[in-house]
Amino acid sequence: MNDGWVYCDRISPDSSGHISTQPPPTTVLDYYTHHYRHSDRATWQTRIESGQILLNGQPTTSDTPLVAGQRLSYHRPPWQEPPVPLDIATIYEDDLLLVINKPSGLPVLPGGNFLQHTLLWQLRQRNPTAAPIHRLGRGTSGILLIAKTKAARAHLSQQMRQRQLGKTYRTLIGPADNLPDQFTITHPIGKIPYPQLGYIYGANPNGLDAHSGCTVVHHRPDATLLDVAILTGRPHQIRIHLATMGYPLLGDPLYIAGGHPHPEGTAIPSDCGYWLHAHKLSFIHPAGESMTLTCAPPPQLLP
């Protein structure tokens with residue numbers, strides 16, 4: 001059982017666009033029902049009535065109208081988090097940074113039912129300023145770069161923004177004898193509607209640019225091993241890009257051919273089941289040294 005958490009929101013002119021200009025005004029219940037669709041309207045109603053949600057620090061009601069600038073806070077009571085693997089192996093460490101092997105199934109950041117059972121929470125128990133420089137999906141394993149100081153974080157984050165971090169992943173798709181040994185995917189990735197969450201990321205011609213360079217490592221009778229080097233870090237980029245080619249990751253519960261979610265599914269992006277491993281990372285150490293580190297794939301991703 002964790003200690004619970006407080007989720008805070010400030011009503012912005014954008015999020016409350018029709019709040020102050022169009023009747024009827026948006027209410028507290030409307031806001032939570034629209035913005036946080038992981039819970040239904042009746043559940044939010046119960047939380048408001050039980051005093052778990054405050055408006056500007058005071059108890060409120062479901063039908064209280066909102067205006068821009070107000071503060072909402074949801075005081076979530078303690079809950080039992082799902083079990084996750086916590087065997088976090090160190091690949092490299094010094095005074096400025098830490099490189100670890102994240103196990104599949106461990107979320108990097110808090111969200112949903114995960115708070116203390118996250119990589120960030122575990123890291124900050126021994127280093128309160130630890131900050132992941134990039135992210136891996138919950139179902140993705142492998143190498144992850146963490147800054148231990150604010151200066152190191154700024155230095156490494158700049159490399160990330162300038163696309164100077166080299167990241168190569170190993171993954172598994174279905175039989176693909178017709179694929180060339182090397183190919184590039186550049187389909188844009190952006191938000192698309194998804195009833196369960198409001199939106200998710202997927203193949204979207206109006207999205208942001210994304211670049212994945214793929215190399216076939218090995219053909220099996222029932223599967224194909226690929227190495228994928230990404231120049232951009234769009235959410236779920238590899239899963240979406242390979243699905244746009246007609247080859248979703250084997251076991252992916254969410255994305256289907258075309259790079260969109262299954263139309264009848266209830267999966268969310270953090271659901272596991274696929275094989276994707278961050279295999280290699282290249283970067284410039286804050287002290288100036290060029291570094292390339294590797295993390296051996298699990299047996300399922302070996303030739």
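- Residues G139 and S104 share a closest heavy-atom pair of O-OG, 2.9 Å.
- Across all non-hydrogen atoms, the minimal contact from G202 to I192 is CA-CD1, 3.9 Å.
- The environment of N56 atom CG is dense: over 12 non-hydrogen atoms of other residues, nucleotides or ligands sit within 6.0 angstrom.
- In this structure the side chain of V216 reaches within 4.5 angstrom of the side chain of L226, judged on heavy atoms.
- One side chain, Q237 or S212, offers a donor N or O that lies under 3.5 Å from an acceptor on the other.
- Environment of OH in Y199: sparse, with no more than 12 heavy atoms of neighbouring residues, nucleotides or ligands closer than 6.0 Å.
- Pairing each heavy atom of I146 with each of P132, the nearest pair is CG1-CA, 4.1 Å.
- Between W121 and W5, the ring planes are perpendicular. Angles over 60° get that label, and only those under 30° would be called parallel.
- Rounding to the nearest 0.5 Å places CG of L281 at 5.0 Å from NE2 of H134.
- With respect to the salt-bridge test (charged N to carboxylate O, under 4.0 angstrom), the residues D271 and R138 do not qualify.
- For CZ of R234, the number of neighbouring non-hydrogen atoms (other residues, nucleotides, ligands) closer than 6.0 Å is greater than 12.
- Between atom CZ of residue F114 and atom OG of residue S270 there is a gap of 6.5 Å, rounded to the nearest 0.5 Å.
- Note on ring orientation: taking the six-membered ring where Trp is involved, the planes of H277 and H279 are tilted (angle from 30° to 60°).
- With 3.5 Å as the limit, one finds no donor-acceptor pair spanning the side chains of T232 and H211.
- The aromatic rings of Y74 and Y32 lie perpendicular to each other, with more than 60° between the two planes, well past the 30° mark.
- How far OH of Y31 is from CD of Q70: 11.0 Å, rounded to the nearest 0.5 Å.
- Note on R163 versus D209: salt bridge recorded, some NZ/NE/NH1/NH2 to OD/OE distance being below 4.0 Å.
- In this structure, G112 and W79 approach most closely via the heavy-atom pair O-CZ2, 4.2 Å.
- D94 approaches H285 most closely through the heavy-atom pair OD2-NE2, 2.6 Å.
- Here the OG1 atom belonging to T43 is positioned 10.0 Å from the NE2 atom belonging to H38, to the nearest 0.5 angstrom.
- Put simply, CG on D87 and NZ on K102 are 10.5 Å apart, with the number rounded to the nearest 0.5 Å.
- If you take CZ on R239 and CG on D252, they are separated by 4.0 Å, rounding to the nearest 0.5 Å.
- Proximity of T215 to D181: side-chain heavy atoms (C-beta onward) are nowhere separated by under 4.5 Å.
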